[in-house]
Amino acid sequence: MAGKSTAAAGVKKMPAKKIGEKKVADRKKVENDRIFIERLGRHHDELRWLYMELYGNDDMFAELCDQMKRYYDLRNDKLKKLDAQREVEDKWYHRRDMVGMMMYIDNFADNIKGVQEKLAYIESCNVNYIHLMPFLDSPKGRSDGGYAVADFRKVKPDLGTMDDLSKLAEKCHEKGISLCMDFVMNHTSEDHEWAVKARQGDGEYMSRYFFYEDPSIPQEYEKTVPQVFPTTAPGNFTWLSEIGYYVMTTFYPYQWDLNYHNPRVFNEMMYNFLYLANQGMDIIRIDAVPYIWKELGTNCRNLPQVHTIIRMMRIIGEIVCPGVVLLGEVVMEPDKVTPYFGTVEKPECHMLYNVTTMATTWHTVATRDIRLLRKQMDIVCSLPREYIFLNYLRCHDDIGWGLDYDTLKMWGMEEIPHKRYLNDYFQGKTPDSVSRGELYNDDPVTQDARFCATTASMCGIESAGFEQDMEKMEQAITKDVMLHAYMFTQSGIPMLYSGDEVGQINDYTYKEDPDKVTDSRYIHRGKFNWDQVELIKDRSSVQGQIFNALKKLENIRRDEVVFSADAEVWTKDYSDQSILWIVRRYMDEELHAVFNFSDNAKTVWMPEKAEYMNLFSGSTDEIETVDIPEWGFLWMKKR
């Protein structure tokens with residue numbers, strides 16, 4: 001009896017509270033396991049088929065599945081709850097109140113904590129989608145603006161930490177703001193751990209890149225692969241004299257292309273993707289999508305295997321983090337862009353950039369001729385409404401004149417002379433131009449170049465301010481607002497570039513920085529001027545006029561159902577080649593959006609004499625004709 005009593009006395013009874021907590025945790029684990037197994041079961045067969053088609057490696061596929069479960073288990077409860085909400089809501093990113101803003105963290109608010117402190121300002125801009133430009137660790141002076149990543153799991157120390165990023169994401173979610181980041185899949189920095197080991201001759205890591213000792217193979221590639229930066233980084237390979245090998249570097253010598261023929265590369269990059277998604281990212285922008293797969297004898301662009309990889313990435317996301325959206329950066333001609341949506345049955349990217357329309361918009365500004373823009377919009381409007389484009393006037397990058405030159409040639413515009421005209425116009429070298437900016441990668445051989453400037457400087461706000469010409473300034477502001485109204489009229493998500501909301505002009509101080517002086521793209525990557533934000537309270541100031549006009553446009557778009565993603569959209573044929581006329585119809589509502597791309601005021605005839613409400617002015621009248629000022633616009637809703 002004594003022994004029994006002693007044994008019993010040695011057993012500690014678990015407190016009721018602990019028992020209760022354990023039961024809750026066990027139930028949660030059972031439910032989480034059930035959800036994961038259900039999602040995996042829904043997609044497993046297709047994912048395995050695609051993986052085996054590409055790699056034929058059962059062990060690596062099994063590892064991938066195990067790691068997906070691991071990252072799912074690591075995903076916190078708040079993110080899992082958000083996933084569940086978005087699975088029910090479906091296509092949450094289709095909402096007409098979506099407005100994005102892209103920004104460099106250091107330029108906007110010094111660091112990630114600074115961005116969190118500025119969320120009230122971002123909300124005041126009606127922005128509910130923030131794209132943080134590249135912030136992962138990259139070497140100073142060899143970063144390509146942050147696109148040469150040295151560590152996919154570390155934030156640049158001067159910007160903060162991963163913990164800061166997670167806290168910012170949580171705070172954004174509390175405010176209904178989504179967060180976007182860049183995921184650079186095509187290459188790593190030469191300072192990345194893999195590259196360092198590869199440079200030391202480690203075969204395991206050399207196999208993660210494209211290394212060739214025999215110069216004839218790089219020479220064969222060069223025969224069919226175009227150059228991305230022919231003047232600043234010619235060729236597609238870099239010679240590493242210390243080890244006697246060539247390495248593929250499509251973009252810059254310090255950016256080494258990853259070899260996705262190796263399943264280890266795909267798996268590890270997917271683990272990085274899931275790690276970053278677990279920090280609270282809502283949108284993952286896949287950088288340089290078309291370049292991911294390389295094949296000798298091809299142009300190494302848009303190959304079928306790229307679509308297999310992106311489809312697998314989409315499936316992996318839907319299993320582990322279905323609330324996360326993939327945004328594809330496909331800077332190609334229209335027929336190369338839309339395949340990255342995949343199909344309705346087998347989707348790839350959730351969203352794509354509307355690159356061609358952006359470039360064609362500025363062509364239209366320079367020529368005062370809307371015909372090509374209208375043709376481009378007709379193509380976009382004819383696509384399934386499930387396709388969501390991200391629309392923008394300017395971004396962090398240059399403007400490449402990838403226009404439809406076959407069509408332009410029929411109208412007497414030859415490719416090389418026309419590109420030169422556009423670049424001369426936007427540099428302010430033609431008599432009818434008010435734009436200011438600089439060229440990027442001006443190639444004397446191909447006579448090709450790209451253009452850099454802010455929206456405000458391209459619209460004439462910089463030159464009007466320099467000349468202190470109030471009449472020119474008024475027209476420049478009108479043009480700036482009209483172009484934003486035109487962007488808001490398009491279906492998809494409108495994206496502002498930080499500073500555009502206050503008319504920020506070019507920043508030429510980059511020429512004083514030895515790390516930036518050779519890259520003219522920094523002309524539109526200047527420090528955000530917070531002093532200008534104080535001026536938005538003065539509605540007569542340049543900043544106040546632009547900020548409040550854009551805010552009004554955003555409010556109208558949010559409140560009017562005719563801007564729904566499900567609306568029918570088409571362009572209307574009109575006799576004047578400087579008038580772009582877009583019609584949106586949803587249920588019994590019809591909007592006529594008319595844009596004057598010319599230096600002269602116009603009178604336009606409405607389709608019929610009827611009662612229309614001018615959504616911007618708020619006035620309602622029965623009208624047959626209506627006047628539009630030079631570079632002005634109308635949003636007329638038929639009553």
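This is a predicted model, so every value here is computed, not measured.
A salt bridge links Arg521 to Asp144: at least one charged side-chain nitrogen sits closer than 4.0 Å to a carboxylate oxygen. Note on Asp137 versus Arg153: no salt bridge recorded, every NZ/NE/NH1/NH2 to OD/OE distance being 4.0 Å or above. A salt bridge links Asp163 to Lys167: one of the charged nitrogens lies within less than 4.0 Å of a carboxylate oxygen. Looking at Arg394 and Asp500, no side-chain N of the basic residue comes within less than 4.0 Å of a carboxylate O on the acidic one, giving no salt bridge. For Glu414 and Lys419, the salt-bridge test fails: no basic side-chain N is under 4.0 Å from an acidic carboxylate O.
Taking the six-membered ring for Trp and thresholds of 30 and 60 degrees, His396 and Tyr104 have ring planes more than 60 degrees apart, a perpendicular arrangement. Using cut-offs of 30° and 60° on the angle between ring planes, the pair Phe237 and Tyr221 is tilted. Ring planes of Tyr486 and Phe597: perpendicular class, angle over 60° (limits at 30 and 60°). Using the six-membered ring where Trp is involved, Tyr425 and Tyr421 have ring planes that are tilted, between 30° and 60° apart. In this pair, Phe273 and Phe183 present their aromatic rings tilted. The plane angle is within the 30 to 60° band. Between Phe451 and Phe426, the ring planes lie tilted relative to each other; the angle falls in the 30° to 60° range. By the 30° and 60° cut-offs, the orientation of the rings of Tyr497 relative to His524 is perpendicular.
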### Message
Let's go through Ile388 and Ile493 carefully: what are the C-alpha distance in whole Å and the side-chain angles of both, what is the deciding distance for side chain to side chain contact (heavy atoms under 4.5 Å, CB included) to 0.1 Å, and is it a yes or a no?
### Response
CA-CA 7 Å; Ile388 292 295; Ile493 300 176; 4.3 Å; yes
### Task
Under the side chain to side chain contact (heavy atoms under 4.5 Å, CB included) rule, what do Phe210 and Leu258 come out as? Steps first, then yes or no, please.
CA-CA 7 Å; Phe210 293 90; Leu258 286 167; over 6 Å; no
### Message
side chain to side chain contact (heavy atoms under 4.5 Å, CB included) for Asn259 and Tyr209? Distances and angles first, verdict last.
### Response
CA-CA 5 Å; Asn259 181 5; Tyr209 300 94; 5.5 Å; no
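Sorted by first then second residue, the salt bridge (Lys or Arg N to Asp or Glu O under 4.0 Å) pairs that include residues 286-295, not counting sequence neighbours, are Asp257-Lys294, Arg285-Asp287.
Annotation: Phe466, atom CZ; neighbour count of heavy atoms from other residues, nucleotides and ligands within 6.0 Å does not exceed 12. With a 6.0 Å radius and a threshold of 12 heavy atoms from other residues, nucleotides or ligands, Lys113 has its NZ atom at or below the threshold. Annotation: Lys527, atom NZ; neighbour count of heavy atoms from other residues, nucleotides and ligands within 6.0 Å is above 12.
For Ser457 and Glu462, the side-chain atoms include at least one donor-acceptor pair closer than 3.5 Å. Side-chain atoms of Asp182 and His131 form a donor-acceptor pair, as typed in the model, at a separation below 3.5 Å. No hydrogens or angles considered: a donor-acceptor pair under 3.5 Å links the side chains of Asn506 and Tyr508. Defined by atom type and a distance below 3.5 Å, a donor-acceptor pair is missing between the side-chain atoms of Thr360 and Gln376. Donor-acceptor pairing under 3.5 Å is lacking for the side chains of Asn302 and Trp293.
Counting only distance, with no hydrogens or angles, the side chain of Glu348 and the backbone of Phe341 share no donor-acceptor pair below 3.5 Å. Asn111 places a side-chain N or O within donor-acceptor distance of the main-chain N or O of Gly114, the cut-off being under 3.5 Å. Side chain of Arg368 to main chain of Ala366: a donor-acceptor pair is present (N/O by atom type, distance under 3.5 Å, no hydrogens or angles).
For the pairing with Arg208, the side chain to side chain contact (heavy atoms under 4.5 Å, CB included) check across Asp202, Thr188, Asn262 returns one residue only, Asn262. Remark: of the listed residues Ser189, Pro134, Ser138, Ser138 is the sole one forming a side chain to side chain contact (heavy atoms under 4.5 Å, CB included) with Ser143.
What you find for Ser463 and Val434 is that their closest heavy atoms are OG-O, 2.7 Å. The minimum heavy-atom distance between Gly244 and Glu213, with the atom names listed, is O-CG, 3.7 Å. Closest heavy-atom contact between Leu390 and Tyr129: CD1-OH, 3.3 Å.
Qualifying side chain to side chain donor-acceptor pair (under 3.5 Å) partners for Asp480, counting only residues two or more places apart in sequence or in other chains: His484. In terms of the side chain to side chain contact (heavy atoms under 4.5 Å, CB included) criterion, residue partners of Pro234 (sequence neighbours excluded) are, by chain and number, Gln227.
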